[in-house]
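Proteins get letters first, then strands, A, B, ... in listed order; numbering begins at 1 in each.
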Number of protein chains: 2
Amino acid sequence: MFEARHLRVLRSVARTGSFSAAARDLGCTQPAVSQQMKALESAAGTPLLVRGAREMRLTEAGEALVRHATGILAGLTAAEEEIAAIAGLRAGRVRLASFPSGSATLVPDAVADMRERHPGTKISLVEAEPPRSVEMLRAGDCDITLAFRYVDLPTPAEESWADLVVRPLLTDRLVGVVPQNHPLAGRADPARIGEFAEEQWIAGCPRCRGHLVEVCERAGFTPRIDFATDDYPAVVGLVAAGVGVAVLPELALESVRAKGVAVLEMQPAVEREVVALTLPDLAHVPAVDMMLARLARAGLRQARRTGLARQAAAEGAGGVAAAGR
Amino acid sequence: MFEARHLRVLRSVARTGSFSAAARDLGCTQPAVSQQMKALESAAGTPLLVRGAREMRLTEAGEALVRHATGILAGLTAAEEEIAAIAGLRAGRVRLASFPSGSATLVPDAVADMRERHPGTKISLVEAEPPRSVEMLRAGDCDITLAFRYVDLPTPAEESWADLVVRPLLTDRLVGVVPQNHPLAGRADPARIGEFAEEQWIAGCPRCRGHLVEVCERAGFTPRIDFATDDYPAVVGLVAAGVGVAVLPELALESVRAKGVAVLEMQPAVEREVVALTLPDLAHVPAVDMMLARLARAGLRQARRTGLARQAAAEGAGGVAAAGR
DNA sequence: GCCAACCATAAGCGATGCTTAGGGATACCC
DNA sequence: GGGTATCCCTAAGCATCGCTTATGGTTGGC
């Protein structure tokens, strides 16, 4: 079995015509070259070099081997370059899976950031809600999954993230969304969930709906859900049209033009933790690692933006709370 | 720097999907595979594998490396096969250089022998007289040189074979060639060189001519050389036509139809040693080594043939000695 | 809930491959 | 023609590498 090291030495000897020159070329001593060549000739089973008076010539077998070595070493170099490009973020691919409100807010920011810093990387995105998207991650169909969990809700066992790398990005809150002419719309104080007990509800994605029911039942009532859709603009439109009220993640509202509705802080706050998930091995893949960092940064920026908006709304309180933002 | 060993392991892991299976495949233990992969990932600078629940998956970098590995390992295998073919005499080339009487007698026999035993080998032949042919050998323009030396003559220093592998093939003798009607033609006893002192001489190749002059001068006369050619049929023709006499190597007569001349043994015998020369390194090249063996065998066969002919001539003595053979 | 398969890690050990040191041959130069 | 520089080989010492065995932890399957 020839080894690449042997071929490098042989090629260098063939090029320079002497062991000493090859040794200088390769950055080692001349006996090292001599030994390597002896080993190589032994492996080949035939001499490869003819020690001429002043120069080193190749035998037929030597020429054949050099001919092959050229291609082999070129392939090796190409491989090294491609791997180095991936390791050095000049290439590489990250496949994201995200739930809708994440892919509308955090992902674009992070992707733009990533593309600016590492233009060679390729990013793809599929939308998938948490249980499914985590399956995809485990099945190798994506590299990073954006997911969320409600901190007050015990995670179901079959959905454990214990074996995953969990990178918190953002702590999201639920907010109430009511028609602009709703009695609660003008109030400065946060709303309690119980105040919506008698309303008609418009619910979001299945997971959120499940959580919502849980929260309401803890507050002592069962919400009357007349309409459910994971299409948040539709939810907002329905609320604006007076069909009902909704309690939505703040992040989900971020990319929706909230016209004709009032957004209310909830008391007590119900928090949703938005995280990026990946497999432990993938966490060390440079492009994945960098993408996680970009997502974390996007999460911070998003949190700051939301915080500022909330602060501005609080300062301007007395009017319509955070309406029409 | 990736090594072929690494790539073999990676490919095996990729194919089998587990370290244990790869270890069985490669004939080593599982920790060996584990360590190799760790080293390879360290060299790559990025993970190559994702340890899935039950199967081993490749990362993007891993897939890229396997893609390259396929070509690289194929190239290595091809190289090994080609070298093995040369080492195993299923391929290979031998370039011969020979003086004319050698290339007309020993070489055809040896080449036929070689081709029969190792049909894959390629043999080429160029004609060249000793000083020049040895230069060719040293310059790498041929692999084996057939040459000869007169054992009674000190070899000139600049033509030393001390650094070469010298393989004796045959001990050739000089014989006298006289017209069939020459006074010496019918005699059973060997001729002495001095008996030709007053003759006109027809000489062979320059080297032989030089030697001939030396031999004659030791015998106390200077031969009157009227004609010199390295074309032995021409020499024989001239002798037959009565232009003069010649003293030629027996081997040179072997391929010449000696019509109209008588061939006389010489007393004392003057011997020419026919040898095959090669460079020490080339002597270990299988095809060269085998060709030397074939040449040696051809030399033996030739010696036997000559011996038998001489014996037959001796038994039939009293008539025309060895005429018209 | 135990068992089997798989992978990681650690320790021991032999092989490999490098280095330095020294010797012989050869071409070049004064 | 002798000195010198270059080149290669060999030997010995030594560090590293890579394999093995032994062992532990984890994960599916029965």
Q) Starting at CG of A/Leu164 and ending at P of D/dT27, how long is that distance when rounded to a whole Å? A) 12 Å
Q. Quick one: do A/Arg167 and A/Glu273 make a salt bridge, cutoff under 4.0 Å?
A. no
Q: Nearest-nucleotide wise, let me know which of A/Cys28 and B/Arg24 is further upstream toward the 5' end of DNA chain C.
A: B/Arg24
Q | Spacing between A/Leu26 atom CG and C/dG17 atom C1', to the nearest angstrom | A | 14 Å
Q: For A/Thr29, report the nucleic acid contact type (base, sugar-phosphate, nothing); a contact means any heavy atom under 4.0 Å.
A: base
Q.
At a heavy-atom distance below 4.0 Å, what parts of residues 35-45 of chain A sit against DNA chain C?
A. A/Gln35, A/Gln36
Q | Closest non-hydrogen atom pair between B/Pro47 and B/Ala61, with its separation | A | O-CB, 4.0 Å
Q: Please lay out, stage by stage, how B/Thr16 and B/Asp25 fare under the test side chain to side chain donor-acceptor pair (under 3.5 Å).
A: CA-CA 8 Å; B/Thr16 63; B/Asp25 181 34; over 6 Å; no
Q | Minimal non-hydrogen separation, B/Gln30 against B/Ser20, with atom names | A | CG-OG, 4.0 Å
Q.
Just the rounded figure in Å: distance from C1' of D/dT6 to CE of A/Met56.
A. 12 Å
Q) side chain to side chain donor-acceptor pair (under 3.5 Å) with B/Glu135: which residues, sequence neighbours excluded? A) B/Arg132
Q.
If I take atom CZ in residue B/Arg51 and atom C1' in nucleotide C/dT9, what distance separates them, rounded to the nearest angstrom?
A. 13 Å
**Q.** Considering all heavy atoms, the nearest A/Ser103-A/Leu125 contact
**A.** CB-CD2, 3.8 Å
Q: Name the residue closer to the 5' end of DNA chain C, choosing between B/Asp163 and A/Ala32 according to the nucleotide with the nearest heavy atom.
A: A/Ala32
Q: Please tell me which of B/Val33 and B/Gln30 maps to the more 5' nucleotide of DNA chain D, matching each residue to the nucleotide holding its nearest heavy atom.
A: B/Val33
Q.
Is the phosphate of D/dC17 approached by B/Arg5 (side-chain N or O, under 4.0 Å from OP1 or OP2)?
A. no
Q.
Less than 4.0 angstrom between a side-chain N/O of B/Ser34 and OP1 or OP2 of C/dA8, yes or no?
A. yes
